[in-house]
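Report on the following structure.
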Amino acid sequence: MAKLKVLLASSEVVPFAKTGGLADVAGSLPLALEELGVDIRVIMPKYASVKIAGNSTKIGKNIPVYFVENDDYFNRKELYGDKFGDYKDNLDRFAFFSREILERCKKEGFAPDIIHCNDWQTALVPVYLNTLYKYDIFFIDTKVLYTIHNMAYQGIFSKEEFPKMGLDWALFHINYFEFYDKVNLMKAGLIYSDAISTVSPTYAKEILTQEFGCGLEGVLRTRSNVLSGILNGIDYNLWSPEKDNKIFKKYSVETLRDKYVNKEMFQKEMGLKVDRNIPVFGMISRLADQKGADFVADIIDKMLNMKTQFVLLGTGDNKYHVIFEKIARKYPQSASISLKFDAVLAQKIYAASDMFFMPSRYEPCGLSQIISFKYGTIPVARQTGGLKDTVQEFDPKMGKGTGFTFVEPRSEDLLSAVKKSLSVYKDSPLWTSLVKSVMGLDYSWKTSAKEYINLFNRIMKK
Ligand code: ADP
């Protein structure tokens, strides 16, 4: 049987460029697909952060990664915008990227069975395939899977920008791009793709509702027959305290005491009171309303009064920077606040923390809770989206469950979950057994990559 040919198109890919979970997925799913015999290739823009000579490289055993070059558009430090907001030419940039994805296929002589598009930055690929490239026999058998990583980022632009895409104005229509008199790239992408997926089963259901659909729930409902949810995995070669060179001391289930060496050294490095008995709550997050950092800010006084410590690594909306700078000043010995993006510090925090906050208002999948499990760090999470699929409430009597959860998006409910976690933390043998059990969970790509292959095969049969 011929190999399945898949091109994964993403605006960010680990290890070349990352702002969030999309990059983790785009950099690790291909490795698992390669192991399962897929001819998988990856394409992304060549940003200033991509330190590769030329316009391609390899990852995994032999996976080509193609870089789309355009100095005007991509040779910038940030991916989508800077402190002044989104880059003004994002539509030009990602329309260009999307066309280049198709042109590069032709240049490489690689006619994919499936182009796997991710988020609005590649949403124009299925549109172009069905319009400008409709009669191009090179792509006669090419189908598109569009994966939604977050409904809130749709690629919305003013209608004056429509001509930049090189498409017929007739497509500025409610059945295609038009969305409240604006251009919506995700909307057109969802309509033109052969299949749609999102990154957890629960989020796949949630986005059909008004609460989570961000205005596209109606479009999604018309396409619900081709919509599915596949849980993200992570790459345990990158995310594992046994292999992690960036943490103070490697550890495993067998050498769990060394997790607490990490904790003490981290406390020292960050100027916190050094004491392995003080429970440390970590949080690593984009500081956007989605992530619920305000719930944490609301309870911080009460929480730190209960003899705990709080460590935050995050960057995003200025209003959160202001809030957390204040907290940092107020609690120099018990709160460590780092308002930046720092991959190495993130690894140290996963290792050093006892609990990990994910009080998200919504969460398509969430990778941080899955990473936390591996580092023996227990999620305190809201029951929504992928968090619901991965974090089960711990029952101290039965000794079953994987974290501490709450349902309603309310600070007082987060505080209750914090209290539940602290009462188990006090029971040292029970806590240790919980920590050991989550370290043994398997959220590698093994299962989910197979689900993607089944989905690819179903799409090709259409
Ligand atoms: P999202 O994609 O919505 O931002 P996920 O939980 O899916 O959230 O993925 C977030 C990823 O980004 C994780 O790998 C997390 O460790 C990382 N991350 C988030 N913020 C930072 C930061 N400030 N510094 C380093 N890594 C970060």
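Both ligands and their constituent atoms are indexed starting at 1 by order of listing.
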Notebook entry, point to check: Taking only residues at least two apart or on different chains, which pairs with a member in residues 13-29 satisfy side chain to side chain donor-acceptor pair (under 3.5 Å)?
Noted result: Glu12-Thr19, Lys18-Asp24, Ser28-Trp445
Next item on the list: Check whether the side chains of Lys259 and Thr377 place a donor and an acceptor atom closer than 3.5 Å, and report yes or no.
Entry: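 Indeed, the side chains of Lys259 and Thr377 share at least one donor-acceptor pair under 3.5 Å.
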Side chains of residues 326-334: which donor-acceptor pairs under 3.5 Å do they make with residues two or more places apart or in other chains?
| residue | atom | partner | partner atom | Å |
| --- | --- | --- | --- | --- |
| Lys330 | NZ | Asp301 | OD1 | 3.1 |
| Tyr331 | OH | Asp301 | OD1 | 2.3 |

Without placing hydrogens or testing angles, list every side-chain donor-acceptor pair under 3.5 Å for residues 90-97, not counting sequence neighbours.
| residue | atom | partner | partner atom | Å |
| --- | --- | --- | --- | --- |
| Asn90 | OD1 | Arg93 | NH1 | 2.7 |
| Asn90 | ND2 | Tyr80 | O | 3.0 |
| Asp92 | OD1 | Lys164 | NZ | 2.9 |
| Arg93 | NE | Tyr73 | O | 2.7 |
| Arg93 | NH1 | Leu79 | O | 2.9 |
| Arg93 | NH2 | Tyr73 | O | 3.1 |
| Arg93 | NH2 | Leu79 | O | 3.0 |

Margin query: Is the ring pair Phe324/Phe310 parallel, tilted or perpendicular, if the boundaries are 30 and 60 degrees?
Written below: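 Because their plane-to-plane angle lies in the 30° to 60° range, the rings of Phe324 and Phe310 count as tilted.
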Notebook entry, point to check: With a distance cut-off below 6.0 Å to the six-membered ring centre and an angular limit of 45° from the axis, does Lys374 pair with Tyr236 as a cation-pi contact?
Noted result: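 Ring-cation test returns yes.
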Distances only, to 0.1 Å: what are the N or O pairs between ligand 1 and the protein that fall under 3.5 Å?
| residue | atom | partner | partner atom | Å |
| --- | --- | --- | --- | --- |
| ligand 1 | 2 (O) | Gly21 | N | 2.6 |
| ligand 1 | 3 (O) | Arg286 | NH2 | 2.8 |
| ligand 1 | 3 (O) | Lys291 | NZ | 2.9 |
| ligand 1 | 4 (O) | Arg286 | NE | 2.7 |
| ligand 1 | 6 (O) | Leu367 | N | 2.9 |
| ligand 1 | 6 (O) | Ser368 | N | 3.4 |
| ligand 1 | 7 (O) | Leu367 | N | 3.4 |
| ligand 1 | 8 (O) | Lys291 | NZ | 3.1 |
| ligand 1 | 9 (O) | Gly21 | N | 3.3 |
| ligand 1 | 14 (O) | Lys18 | NZ | 2.9 |
| ligand 1 | 14 (O) | Asp24 | OD2 | 2.9 |
| ligand 1 | 16 (O) | Tyr350 | OH | 2.7 |
| ligand 1 | 23 (N) | Lys340 | O | 2.8 |
| ligand 1 | 24 (N) | Asp342 | N | 3.0 |

